[in-house]
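The next block holds one structure in the form of structure tokens; read it before the comments.
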Number of protein chains: 2
Amino acid sequence: MSTADRLIDATRELLWERGYTGTSPKAIQQRAGAGQGSMYHHFAGKQDLALAAIRRTTARMREVAQADLAGPGSAVERIERYLLREREVLRGCPAGRLTQDPDIVASAELRAPVDELFDWLRARLTAVVAEGQAAGELSASLDPRAAGAVIAAAVQGGYVLARAAGTAEPFEQAVRGAVGLVRAAAVRGAATTN
Amino acid sequence: MSTADRLIDATRELLWERGYTGTSPKAIQQRAGAGQGSMYHHFAGKQDLALAAIRRTTARMREVAQADLAGPGSAVERIERYLLREREVLRGCPAGRLTQDPDIVASAELRAPVDELFDWLRARLTAVVAEGQAAGELSASLDPRAAGAVIAAAVQGGYVLARAAGTAEPFEQAVRGAVGLVRAAAVRGAATTN
DNA sequence: GTCTATACCCCGATAGAC
DNA sequence: GTCTATCGGGGTATAGAC
């Protein structure tokens, strides 16, 4: 693994744990086992390195979500697989966390990858809901865009509630609630009778 | 307004905008129009002042939520009033924001007020859902605790998605989705026929 | 109660040797 | 590519005068 890669991964971890403001070049160098000069040789500065780290993190998250949503199963099954996937709840969301950082939100460049990830996620969830409706599996009265957004929000909000509580329980309740509401919107017996 | 009060309110604003790590004593003093010595006369330090600020913020938020949830109207109407209340979406949640700050989550004292606020909120939403079920207004098949958690999470997650997008639209979609799912769980015609 | 002075360390970056 | 030295500024707090 190259020095640049170790620097990027150290930055990813620190951004996740401490955010952009709370992450210093010195801390990155120590975690990566790289010197001052080495870091500034490979990257223009803290922001440049953060950008590389954010891009890598959002790319990975997209792959994972896509595996849940594009895999086998009905629309409801795929949504439940996304909602119920195991997560390191108390560590928070590596991408959602960044949205609370004023320096990231203030920078069009740093915010862009996060924006694109969540925009893609909502669109993807919206599409799966629409597929479920087309298959007669989900009630046609749902607004697919609103349903997609609330599913993504349930996960992100679940992280917030769990970190406030210091336990994963509120997260589990929130995703269970989302699953329950989706099932309530399911057309009864659709999977077998339609 | 006393100097101590101005210091607390300046801290509340800065915690909302920049978080705990991103807020310096100097910035607080400047915003409050107070000197160095003045701040350290009234408060033991940054953490002590932050604690006072967080307590005031969470107390205010609880009052506002209580007004939505304990006011007139059916259970569904009160939940919708909570979900659809006007919010400064792009500024984020003054309390939820704090859960992303490692120094706050790491301190039992600083986390406690945030924990209590969200714990109370979920319990309050759970109670309203249960009231709706008792009144025959909401489907008895809902798990009230899970439903209460996902309603709180929809709002918190809505903030995250909106800040990522740089527009309030994802927040609006998420709360609309939550409203839609609650309505789908409403017993048809319950308000008039039961 | 509020002020200024001072302390010590970290931040983010640059310079230039090797 | 990596190292050490250096820089100007800010973070957080204490001391002691007024």
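Quick note: numbers below take in every heavy atom, side chains included, and nothing from hydrogens, waters or symmetry partners. Chain letters run A, B, ... following the sequence lines, proteins first, then strands; residues in each count from 1.
Side-chain contact between Leu83(B) and Ile151(B) is present, with at least one heavy-atom pair separated by less than 4.5 Å.
Taking atom OH on Tyr40(B) and atom P on dA13(D), their separation rounds to 4 Å, with Å as the unit. Between the NE2 atom of His42(B) and the C1' atom of dG1(C) there is a distance of 6 Å, rounded to whole Å. Between Gln29(A) atom CD and dG1(D) atom C1' there is a gap of 14 Å when expressed in whole angstrom units. At whole-Å resolution of the value, CZ in Phe43(A) and P in dT14(C) are 16 Å apart. Atom P of nucleotide dA13(D) and atom NZ of Lys46(B) are separated by 8 Å, given to the nearest angstrom. Rounded to whole angstrom, the span from the CG atom of Leu14(A) across to the P atom of dC11(C) amounts to 11 Å. When rounded to the nearest whole Å, the span between NE2 of His41(A) and P of dC18(C) equals 19 Å.
Across all strands shown, Ser2(A) has no heavy atoms under 4.0 Å from either base or sugar-phosphate atoms. Among the atoms of the strands shown, base atoms are found under 4.0 Å from some heavy atom of Gly37(A).
For Gln66(A), the side-chain hydrogen bond (donor to acceptor under 3.5 Å, both in side chains) partners at least two apart in sequence or on another chain are Arg124(A).
Atom CZ in Arg6(B) sits 4.0 Å away from atom OG1 in Thr3(B) (nearest 0.5 Å).
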